[in-house]
Amino acid sequence: MAAPRKYSLELKERATRMAVEARQDPASRAGAIKRIDDRLEVHPQALRTWVKQAEIDGGLRAGTTTEGRRVRKYVKVKTRENVRAKQQRLQEQARRGPVDPESPTIDMYLRRWLAEVFDPCLSAHTRV
């Protein structure tokens with residue numbers, strides 16, 4: 001269960017919009033966040049964080065957008081699920097008996113090389 005929000009979404013949107021608009025005007029840019037957080041009784045660091053994310057989402061500042069964060073979180077969770085499923089599958093195979101190696105061993109490689117490369121070359125140049 002998620003923790004209750006200290007500030008409502010409406011207050012967050014209103015404060016963010018007011019601060020972003022105030023910061024766009026060079027004359028009122030200095031101290032804009034302080035003026036707005038005093039007026040709306042919002043913690044200054046919370047408002048700074050909201051404004052920063054709004055500027056990133058609006059393309060005014062470099063950083064990871066909200067949508068990008070959602071996508072990265074989704075990919076991370078999916079990757080974790082895939083790794084966990086593979087780990088469980090390998091553990092189940094190990095319980096049933098020896099696991100065949102997925103990559104060739106040196107012995108397997110040498111046998112293939114002798115059969116496919118060395119023997120045809122040798123027989124073509126051998127005189128009887």
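When reading the values below, keep in mind they use all heavy atoms of this one structure, side chains included, and skip hydrogens, waters and symmetry mates.
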Exercise for the section: Inspect the surroundings of CZ in R14 and state if more than 12 heavy atoms from other residues, nucleotides or ligands are less than 6.0 Å away. Expected result: no
Practice task
Can you see which heavy atom on L47 is nearest to which on A19, and at what distance?
Solution key: CD1-CB, 4.3 Å
Handout entry: Where Y7 and E41 come nearest, the two heavy atoms and their spacing
Key = CE2-O, 3.9 Å
Handout entry: Nearest-0.5 Å distance that lies between atom CD in Q24 and atom CG in L60
Key = 6.5 Å
Practice task
Calculate, to the nearest 0.5 Å, the distance between atoms CZ and CE belonging to R39 and M18 respectively.
Solution key: 4.0 Å
Exercise for the section: For E92 and R95, work out which heavy atoms get closest and say how close. Expected result: OE1-NH1, 2.7 Å
Practice task
Give a yes or no on whether the backbone of T65 and the side-chain of R70 come within a donor-acceptor separation of less than 3.5 Å.
Solution key: no
Practice task
Give the minimum heavy-atom separation between R23 and A32, together with the two atoms involved.
Solution key: CG-CB, 4.0 Å
Exercise for the section: Give, for atom CZ of R48 and atom CG of D37, the distance between the pair rounded to the nearest 0.5 Å. Expected result: 7.5 Å
Practice task
Show which residues join V83 in its hydrophobic cluster (side-chain heavy-atom contacts under 4.5 Å, direct or indirect), or state none.
Solution key: none
Exercise for the section: Mind checking the CD-CD spacing from E55 to Q53? Nearest 0.5 Å is all I need. Expected result: 10.5 Å
Exercise for the section: Drop me the distance from K52's NZ to T16's OG1, to the nearest 0.5 angstrom. Expected result: 14.0 Å
Problem - Minimum-distance pair of heavy atoms, taken over all atoms of A15 and I36 - result: O-CG2, 4.1 Å
Completion exercise
Closest heavy-atom pair, I56 versus A62, reported as atoms and distance to 0.1 Å, is CG1-O, 3.8 Å
Practice task
State whether the number of non-hydrogen atoms from other residues, nucleotides or ligands found under 6.0 Å of R111 atom CZ is greater than 12.
Solution key: no
Practice task
Given salt bridge (charged side-chain N to carboxylate O under 4.0 Å, His left out), test E81 with K78 step by step and report yes or no.
Solution key: CA-CA 5 Å; E81 290 171 358; K78 282 305 212 184; 3.6 Å; yes
Exercise for the section: Apply side-chain hydrogen bond (donor to acceptor under 3.5 Å, both in side chains) to Q93 and R96, showing your working. Expected result: CA-CA 5 Å; Q93 286 177 353; R96 283 188 252 133; over 6 Å; no
Fill in the blank from the handout: d(L110 CG, M108 CE) to nearest 0.5 Å is 11.5 Å
Practice task
For the residue pair R69 and K73, establish whether any side-chain heavy-atom pair is separated by less than 4.5 Å.
Solution key: no
Exercise for the section: Look at the side-chain heavy atoms of Ile, Leu, Val, Met, Phe, Trp and Tyr, link any pair under 4.5 Å apart, and say whether L11 and I33 land in one connected group. Expected result: yes
Exercise for the section: Kindly indicate, with the supporting measurements, whether the criterion side chain to side chain contact (heavy atoms under 4.5 Å, CB included) is fulfilled by R72 and K76. Expected result: CA-CA 6 Å; R72 190 166 51 206; K76 187 175 181 180; 5.5 Å; no
